[in-house]
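Below: the structure, in C-alpha cells.
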Amino acid sequence: MSLAAIVDFFYQNSAVCLGAGAISLLVVWRIWKFSIIPFLYPNDPKELPCWIPFLGHSVGFFVNSYKLLDQGSQYFGYTREPYALTIAGQSIYVLTHPDDVRDLYRATTTLSWDGFVIDIYRWIGISSSAMEVLWKCPTEEQKSKNPARNLPPNDMVVEYQRRQLRPGTHLDQMAKLFIENIDRAVSWSNISGNRQFVCSSSPDSVTVSLMDWTAHVFINTVHKLYWGDKLMEFTPSVFDSFRKWEETNWKYVFQLPHFLSKDMHEAKNNLIDAFEAYFLQPKEERQNVAWFVSMAESETRDIGLSERDMAKMHMLQQWGINGNMHKVTFWMIAYLVHNPDLYQTIRTETAAGIIDNAPNIPFLTEKCPRLEAVFLEVLRLTIASSLMRYVNAPTVIGGKTLRRGRNVMAPYRQLHLNADVWGHNVHDFDPERFLKNPSLAKHPSFRPFGGGHNLCPGRFLARQAIFAFVALLISRFDVSLADVGAGPQPFPRHDESKPAIGTLAPRREDKVFLDISPRIKKD
Ligand code: HEM
C-alpha cells in the first residue's frame, strides 16, 4: 500500500481512527495506572480501577458513595487493606480496617485535621486577615496577660466547645436547660397547637410528621441554648435555612460548582446573615447564651475578627452541633413504632425513669440497657460520617505508605457494616446484639462518635436529650403509625442518593406520620 493510500484511508476513516486511538490510549493509561504503578510501588495503597482519567470515581461517589465504597471492599477481596480512589482529580486513601482507623487516630504528628479546617474556613469565605490571626500562637506578652490563652485563637475556640460539653458545671447547666426544653416540647399543649409538624388534629389526637417534629425540637433547642432567644428573634427563618442547608451541604463539602449548588449557597448565606445580625447587636441585649458562645466571642473579638467572620465560624459550629440528634431520635422512634413488642419493652423499662411526669436522667442513661441498645443499634446503622485527615509526612498504616500531600478518609459506615465483626445479619436492626455482647459498644469497629483527638464532646448531652425525648414520648402518649390511606406505612429507607455528613436522613418521600394521643390508661 502506497503512502498516499494510507493517508487516504485515514482521511476517509478519521472518526474510526480517532476512536481507536483514544481507546488505545485509554488502555495504555489503565495498564500503566492499575498494573505497572502498583508493581513499581508495592507499598502504596492500590487504586480501585476505573476507566475515566481525572474524574476517576467521582460519578460513582456522588451517585451513591456507600455503594462505591462497598465495591472497593469487594474488589480487594474484603482484605480491608488501605486502597485509593480518585475523586475530582484528587487521590484519596480509604481506610476500612478497625486497626488502621485506630492507627489513624494515633498518627497525630504526621496526619493533620487542620488542613481540612483551613479548607472549610476558606470555602465559607473567612477573610484572609482573619485566617492569618486565627492560627497565630499567642505571644509571651499575651500569655502573661491571660495564661489561660495558651493556644492559637482557633484552637482556643475548639477547646471552649470541648470544655462546654465535657462532664462538669458547664455541661450540667446546659443539659438541665436542654431537658427542661424537651420536657416542655413533648407536652400535649405544645404538640397539639403546632402547625409546623402537625398535619391534622382532633381534640384528643394529632398526626405529626416525625422528622419535622424532631428537627423542630432539637434544632430550635440548640439555637436557643447556645445563642439565646435573640438569634431566632432577629431571624425567625434560621430554622428553615438550617434545614435547607442540611439537604444541600454535601455540595459544600464536595465543592460543586456554583451553578449546581445555588440552593446550598442560599441556605449558607442566610445562616451567615442570621449570625452576623446577631453579633452586630450589643452584647447586653443577647442574654442567656452558652458559656462557649461568650468565650468564643471574646476570643475572636480580641483578635479583631469582623462580625461577618465570627458569623461564619458560628455557622460552622452550629452545623456540627445540630447535624445528628434529631435524625437519631427519628430513627429510634421509627423503629419502635414499627416494632410493637420492642415499643412495649422500652415503655416498661423506662417507666421508672419518669418520676412525677419528669425525666429522671440518671435512671434513663444508666439503668435502661434496652433503650441504650436501641440507641447504639440506630447509631451503627445510620452514622455515615467519615474521619478525614491530611497527610503531612509519609505515614505507614496497614502495611502501606500514605504519601505526603494526599487526603485520607475512614468511612465509619464501612466499620459499622463489617460482617466479620457484626455477623451475617449486619444490615438488620438487631439491638439484641448489644445486649448479648455489651463489649461491642467499645469495639474498635464501632465509632459513631469518632475517636482520638476529635472524639465527639457532645455525646453526653446527646444521649441525655435523646433518651429524655423517647422516654417522655412513650410515657405520656400513645403513639402509633398513622393511617395515611395508602396501606400500612413502610419502614423509611436511608437516603443514599447523596453523601451524608453525619447521620443518614430518610428518603424525602419516606416520611413517617404518627398518631399521638395523650395516654389514658397506665400499664
Ligand atoms: C447522636 C448525636 C451525635 C453524633 C452521632 C455525633 C457524631 C460526631 C462525630 C462522628 C464526630 C467526630 C468527627 C471527626 O472524627 O472528625 C463529632 C465531633 C464533634 N461533635 Fe458530635 N455528634 C453528636 C452530637 C453532638 C452534639 C449534641 C454536640 C454539641 C452540643 C456535638 C459537638 C461536636 C463537636 C464540637 C465535635 C468536634 C470535636 C473536636 O473536633 O474536637 N456533637 N461528633
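Note that the coordinates shown come from a computational prediction; the quantities given were computed from them, not determined experimentally. Just so you know, ligand 1 is whichever comes first in the structure, and atom 1 is the first atom listed for that ligand.
Protein N/O/S atoms found under 2.8 Å from atom 21 (Fe) of ligand 1, listed by chain and residue number: C456 SG.
Classified by interplanar angle (parallel below 30°, tilted 30° to 60°, perpendicular above 60°), the ring pair F218/F178 is tilted. In this pair, F446 and H416 present their aromatic rings tilted. The plane angle is within the 30 to 60° band. Between W319 and Y252, the angle of the ring planes goes over 60°, which puts this pair in the perpendicular group of the 30/60° scheme. Ring geometry for W422 against H443 counts as tilted: the plane angle lies between 30° and 60°, on a 0 to 90° scale.
Under a 4.0 Å criterion applied to the non-hydrogen atoms of L387, ligand 1 contributes the atoms 15 (O). Set against the non-hydrogen atoms of Y412, the atoms of ligand 1 under 4.0 Å away are 15 (O). Atom numbering of ligand 1 starts at 1 in the shown order; those under 4.0 Å from a heavy atom of Q161 are 35 (C). Against a heavy-atom cut-off of under 4.0 Å, Y226 is close to the following atoms of ligand 1: 29 (C), 30 (C).
Of the possible polar contacts, one joining the W331 side chain to the L504 backbone as a donor-acceptor pair under 3.5 Å is found.
For S73, the side chain to side chain donor-acceptor pair (under 3.5 Å) criterion is met by Q414, not counting sequence neighbours. Remark: E246 engages H326 in a side chain to side chain donor-acceptor pair (under 3.5 Å) (not counting sequence neighbours). Residues forming a ring-ring contact (aromatic ring centres under 6.0 Å, His included) with F375 (at least two apart in sequence, or on another chain): F467.
Taking CG of L316 as the start and CH2 of W123 as the end, the distance is 11.0 Å to the nearest 0.5 Å. To the nearest 0.5 angstrom, H170 atom NE2 is 7.5 Å from M295 atom CE. Annotation: the span from S294 atom OG to N288 atom CG amounts to 11.5 Å, rounded to 0.5 Å.
At a cut-off of 3.5 Å, with distance as the only test, a side-chain donor of N154 or Y121 sits close to an acceptor on the other residue.
Among protein heavy atoms, the minimum distance from atom 7 (C) of ligand 1 is reached at P448 O, 3.6 Å. Residue, atom and distance of the protein heavy atom nearest to atom 5 (C) of ligand 1 are I383 CD1, 3.5 Å. From the protein, the heavy atom lying nearest to atom 13 (C) of ligand 1 is N454 O, 4.3 Å. The nearest heavy-atom contact from the protein to atom 27 (C) of ligand 1 is M325 CE, 3.5 Å.
Here's the thing with R162: one of its N/O atoms is less than 3.5 angstrom from an N/O atom of ligand 1.
The residue M388 has no part lying near ligand 1, judged by heavy-atom distances below 4.0 Å. In V222, neither the side chain nor the backbone holds a heavy atom less than 4.0 Å from any atom of ligand 1.
Using 4.0 Å as the threshold, V328 has a heavy atom nearer than that to some atom of ligand 1.
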